[in-house]
**Student:** 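Questions regarding the structure given below will be posed in turn.
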Amino acid sequence: MENNDRSKWINTVLSELSSVGNEIAMQIVENCGRECIKSSNDYSKILKVRQSVNDITDDDLIFEICHRELYENKPTVQKQGDDICIEYQHCSCGMVKSGSVNHPFLCNCTVGYTKQIFETIYGRPVKVVLQKSILNGDDICRQIINLAPRCFVWVNP
């Protein structure tokens, strides 16, 4: 399949899923984002960060290590209470950067991508809310990661 054909195919799938407009469609694209990060070279770094944390109950310590090791202490990643805010000035998705995908429903992929990162690091479910999106016409992408209450803790990511 030619690259242009793939681009049309992906944008058509995203368009069709967005027209359905329900939680299942969003979850499908989120799951694609989860698989994207798990199949990337960065995932081994995420697992190393997780393994380097001795006290998995100390959310602030986990954030400090994550912020330093994964986000290079960038000021666009901040923690306030149970929320972590991440902002991007440019879309970081390779498919968007290459120009092959431009449908805003793809941003659900980013939600899954971010969930997978923070659920792996914190060892429990998190909630991710996409507040702003460049593909939706905003000037930045902003995600809020809410660290779910400690109902349970996963032992191994």
Side-chain angles (χ1 to χ4, degrees), residues 2-50 59-122 124-149 157:
E2 295 293 320
N3 191 32
N4 193 32
D5 292 340
R6 279 188 219 136
S7 175
K8 288 178 186 176
W9 188 90
I10 292 169
N11 282 298
T12 300
V13 168
L14 290 168
S15 179
E16 293 297 317
L17 285 170
S18 72
S19 71
V20 173
N22 65 29
E23 292 294 319
I24 293 171
M26 291 170 45
Q27 188 64 52
I28 289 168
V29 180
E30 273 188 32
N31 288 341
C32 292
R34 287 178 178 276
E35 290 306 313
C36 182
I37 186 61
K38 287 195 282 187
S39 65
S40 78
N41 293 332
D42 291 336
Y43 200 61
S44 62
K45 189 173 182 179
I46 292 164
L47 291 171
K48 285 179 185 175
V49 167
R50 170 72 164 102
D59 289 347
D60 291 331
L61 174 64
I62 295 170
F63 174 77
E64 286 176 28
I65 295 169
C66 172
H67 189 218
R68 181 181 65 240
E69 299 296 323
L70 299 179
Y71 294 96
E72 300 169 350
N73 288 320
K74 292 181 180 168
T76 55
V77 180
Q78 299 178 358
K79 184 175 185 297
Q80 295 178 341
D82 289 337
D83 290 336
I84 297 170
C85 178
I86 299 178
E87 290 184 356
Y88 296 96
Q89 303 302 315
H90 306 282
C91 184
S92 59
C93 175
M95 292 187 295
V96 173
K97 285 183 195 178
S98 72
S100 62
V101 179
N102 59 11
H103 198 285
F105 202 72
L106 180 67
C107 296
N108 290 294
C109 180
T110 299
V111 170
Y113 189 98
T114 301
K115 275 185 184 179
Q116 188 64 46
I117 290 170
F118 285 89
E119 287 180 354
T120 299
I121 290 172
Y122 280 87
R124 65 180 190 268
V126 301
K127 181 179 179 182
V128 176
V129 175
L130 184 67
Q131 284 189 329
K132 290 188 174 194
S133 160
I134 292 168
L135 286 180
N136 277 316
D138 296 311
D139 58 339
I140 61 169
C141 288
R142 178 185 297 136
Q143 298 177 66
I144 303 296
I145 299 97
N146 180 261
L147 304 173

**Student:** Using the side-chain contact (heavy atoms from CB on, under 4.5 Å) rule, take S7 and N11 through it: C-alpha gap first, then chi angles, then the decisive distance, then the call.
**Tutor:** CA-CA 6 Å; S7 175; N11 282 298; 3.5 Å; yes
**Student:** Can you find a pair of side-chain heavy atoms, one from K132 and one from D139, that are under 4.5 Å apart?
**Tutor:**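 Side-chain contact under 4.5 Å: yes.
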**Student:** Which heavy-atom pair separates C66 from I121 by the least distance, and what is that distance?
**Tutor:**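 Taking every non-hydrogen atom into account, SG-CD1, 3.7 Å.
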**Student:** Do L106 and C93 have side-chain heavy atoms sitting under 4.5 Å apart?
**Tutor:**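 Heavy-atom side-chain distance check passes, below 4.5 Å.
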**Student:** Looking at every non-hydrogen atom in both residues, tell me the closest pair between A25 and F105 and how far apart they are.
**Tutor:**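 In terms of heavy atoms, the two residues are closest at O-CE2, 3.8 Å.
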**Student:** Rounded to the nearest 0.5 Å, what separates atom NZ in K48 from atom CD1 in I65?
**Tutor:**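 Answer for the NZ-CD1 pair, K48 versus I65, is 15.0 Å.
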**Student:** Check this for me, if you would: do D59 and R124 make a salt bridge, where the nitrogen-to-carboxylate-oxygen distance has to be below 4.0 angstrom?
**Tutor:**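 Looking at R124 together with D59, the answer is yes, because their closest N to O distance falls below 4.0 Å.
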**Student:** Has N136 got a side-chain atom pairing as donor or acceptor with D138's backbone, closer than 3.5 angstrom?
**Tutor:**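 Not at all, since once roles are kept as given, no pair shorter than 3.5 Å links the two residues.
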**Student:** Do Q27 and N31 have side-chain N/O donor and acceptor atoms under 3.5 Å apart?
**Tutor:**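 Yes - a donor-acceptor pair under 3.5 Å links their side chains.
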**Student:** Please tell me if the side chains of L147 and K79 come closer than 4.5 Å, counting only heavy atoms from C-beta onward.
**Tutor:**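 Result yes, sub-4.5 Å side-chain heavy-atom pair found.
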**Student:** Would you compute the distance between atom CG of L47 and atom NZ of K38 and round it to the nearest 0.5 angstrom?
**Tutor:**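 Spacing of CG (L47) from NZ (K38) equals 10.5 Å.
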**Student:** For the SG atom of C141 and the CD atom of Q89, what is their distance to the nearest 0.5 Å?
**Tutor:**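 Between atom SG of C141 and atom CD of Q89 there are 9.5 Å.
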**Student:** Nearest 0.5 Å please: distance from the CD1 atom of I86 over to the OG1 atom of T110.
**Tutor:**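 I86 CD1 to T110 OG1: 11.0 Å, rounded to 0.5 Å.
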**Student:** Are any side-chain N or O atoms of H67 and backbone N or O atoms of E72, one a donor and one an acceptor, separated by less than 3.5 Å?
**Tutor:**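 Answer holds: no.
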**Student:** Do F118 and V128 come close enough that some side-chain heavy atom pair is under 4.5 Å?
**Tutor:**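 Contact flag for F118/V128 side chains = no.
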**Student:** Distance check, rounded to the nearest 0.5 Å: I46 atom CD1 versus R50 atom CZ?
**Tutor:**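 Going from the CD1 atom of I46 to the CZ atom of R50 covers 12.5 Å.
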**Student:** Are the side chain of S15 and the backbone N or O of T12 linked by a donor-acceptor pair below 3.5 Å?
**Tutor:**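 No, S15 side chain to T12 backbone: no donor-acceptor pair under 3.5 Å.
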**Student:** Any donor-acceptor pair under 3.5 Å linking the side-chain atoms of T120 with those of Q116?
**Tutor:**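 The criterion, which ignores hydrogens and geometry beyond distance, is satisfied for T120 and Q116.
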**Student:** Is there side-chain contact between V129 and N146, with heavy atoms separated by less than 4.5 Å?
**Tutor:**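 In short, these two side chains do not touch, never coming nearer than 4.5 Å.
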**Student:** Closest heavy-atom contact between C107 and S133?
**Tutor:**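 For C107 versus S133, the nearest heavy atoms are SG-OG, 2.9 Å.
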**Student:** For E16 and S19, which heavy atoms make the closest approach, and how far apart are they?
**Tutor:**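 Shortest heavy-atom contact: O-OG, 2.7 Å.
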**Student:** Looking only at heavy atoms, which two atoms of V20 and N22 are closest? And how far apart?
**Tutor:**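 V20 and N22 have their closest heavy atoms at CG1-ND2, 3.1 Å.
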**Student:** Could you tell me whether a side-chain N or O of D83 sits under 3.5 Å from a main-chain N or O of Q80, the two making a donor and an acceptor?
**Tutor:**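 Side chain of D83 to backbone of Q80: no pair is present.
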**Student:** For a side-chain contact (heavy atoms from CB on, under 4.5 Å) check, start with the C-alpha distance between Y122 and I145, then their side-chain angles and the critical distance, and finish with the verdict.
**Tutor:** CA-CA 11 Å; Y122 280 87; I145 299 97; over 6 Å; no
**Student:** Please check this pair: side chain of T114 against backbone of V111, looking for a donor-acceptor N/O pair closer than 3.5 Å.
**Tutor:**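 No, T114 side chain to V111 backbone: no donor-acceptor pair under 3.5 Å.
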**Student:** To the nearest 0.5 Å, what is the distance between CG on L14 and CE on M95?
**Tutor:**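 Answer rounded to 0.5 Å: 7.5 Å.
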**Student:** Minimum heavy-atom separation for I134 to C91, with atom names?
**Tutor:**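 Closest pair (atom of I134, atom of C91, distance): CD1-N, 3.5 Å.
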**Student:** Do K115 side-chain atoms and G33 backbone N/O form a donor-acceptor pair below 3.5 Å?
**Tutor:**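 Checked: no pair found.
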**Student:** Can you tell whether the side chains of R34 and E119 come within less than 4.0 Å, N to carboxylate O?
**Tutor:**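 Looking at E119 together with R34, the answer is yes, because their closest N to O distance falls below 4.0 Å.
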